[in-house]
Amino acid sequence: MWIFAVNEQAGGGRGRAVWRKVEADVKRRGIPYLALLTSCPEQASSRIREELALHPAGGINGIKGVIVVGGDGTLHGLLPVLANSGVPLGIIPAGSGNDTARALGLSKQPIQALERALSSAARPVDLLLFTGCLPSTTAPGPNAAEPRPILTALAIGFDAAVADAVNRSSYKKLCNLLRVGSLAYIIGVFQTLLTYRPQKLQLTVDGKEHAFERGWLSAVCNTSSYGGGLRICPEASSTDGLLDVCVVHSCTPLQLLRLFPTLLSGSHIRLPYVTLLRGRSVTVAADGPARTRVFGDGETLGAVPLTAQSAPGKLLLLY
Ligand SMILES: Nc1ncnc2c1ncn2[C@@H]1O[C@H](COP(=O)(O)OP(=O)(O)OP(=O)(O)O)[C@@H](O)[C@H]1O
């Protein structure tokens, strides 16, 4: 039996439409399935746990895999239950950004993505394990009890502040309604530039220290893109056991603005105020008046200081 974990709200309601198409195809083909239409990640995780206990993978009528209909946030919510479980995860992209699906070269077309999930062998991919300040605290030290698994990337500093401003804004809903979701992010970039100040960033990669006096942002990546196709670490791979890091520093606000379009092609890596690093273990600390926010898989995680560790091969993916 296959489990479909469906987030109908993903992609501003696209999840519902995608699931309708997929379910019709699954029924037509007589594939045994269970659909979990959930309202939050906790509900999805606890339902999947229950089903895995009832129908262990590998047994007769066992769960063959969990196929997610949703975006990066929906996938992110299921990582704690599926990492290390031996149960493979398939993806039918239905979110706004879909950076995981993009990194794996999956089709945006629901039936093609379904076919790929059903017919592919399970392959191990790396996860990034994040430990850092929780959202509810401003305490300076890492205090999250459990490392949190991330599939795509951590956004730290300016880009996380933009995501935060957009999520809190009244214009996000309006832009989504008018189907110009990316306009909300352009407004968010300008809004954040008015108040955001670069900070001293200290990164340690596999024990080697790197200091940046005027750090705008840093991204720690397991896959190459975030934010719906911004190729922040174009060489990152989720199968190399390594994390790729991009730091943007020592530039003017205007240079920062001009960098954003170059993220689409990944050509920003040639700019003198962009530094790339790579390693198995990364710590990031910041020294500035404001909290340096962290987003992971497009979801708010908290603030620095943080530790990111590569966890090779911890998730089985169908792609
Ligand atoms: N299993 C779930 N069921 C319902 N809601 C969920 C579930 N998992 C996460 N969510 C919530 O739904 C929100 C939107 O989901 P998701 O992030 O997948 O879509 P998106 O933001 O449109 O796409 P993307 O992350 O690819 O840009 C998440 O931010 C999260 O709060």
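Predicted model, so just to flag it, every value in this text is computed and none were measured. Start at 1 and go down the list; that is how both ligands and their atoms are numbered.
Classification of the Trp19-Phe4 ring pair by plane angle, with boundaries at 30° and 60°, yields tilted.
Cation-pi geometry between Arg123 and Tyr319 is met: the NZ or CZ atom falls under 6.0 Å from the ring centre, inside 45° of the normal.
For Glu50, the salt bridge (charged side-chain N to carboxylate O under 4.0 Å, His left out) partners two or more places apart in sequence, or in a different chain, are Arg47. Every residue meeting the salt bridge (charged side-chain N to carboxylate O under 4.0 Å, His left out) condition with Asp25, not counting sequence neighbours, appears here in chain and number order: Arg28, Arg29. Under the rule for a salt bridge (charged side-chain N to carboxylate O under 4.0 Å, His left out), Asp159 has no partner lying at least two apart in sequence or in another chain.
Protein neighbours of ligand 1 below 4.0 Å, counting non-hydrogen atoms: Asn7, Ala10, Gly11, Thr38, Ser39, Cys40, Pro41, Ala44, Gly71, Asp72, Gly73, Thr74, Gly95, Ser96, Gly97, Asn98, Glu299.
Environment of CZ in Phe190: sparse, with no more than 12 heavy atoms of neighbouring residues, nucleotides or ligands closer than 6.0 Å.
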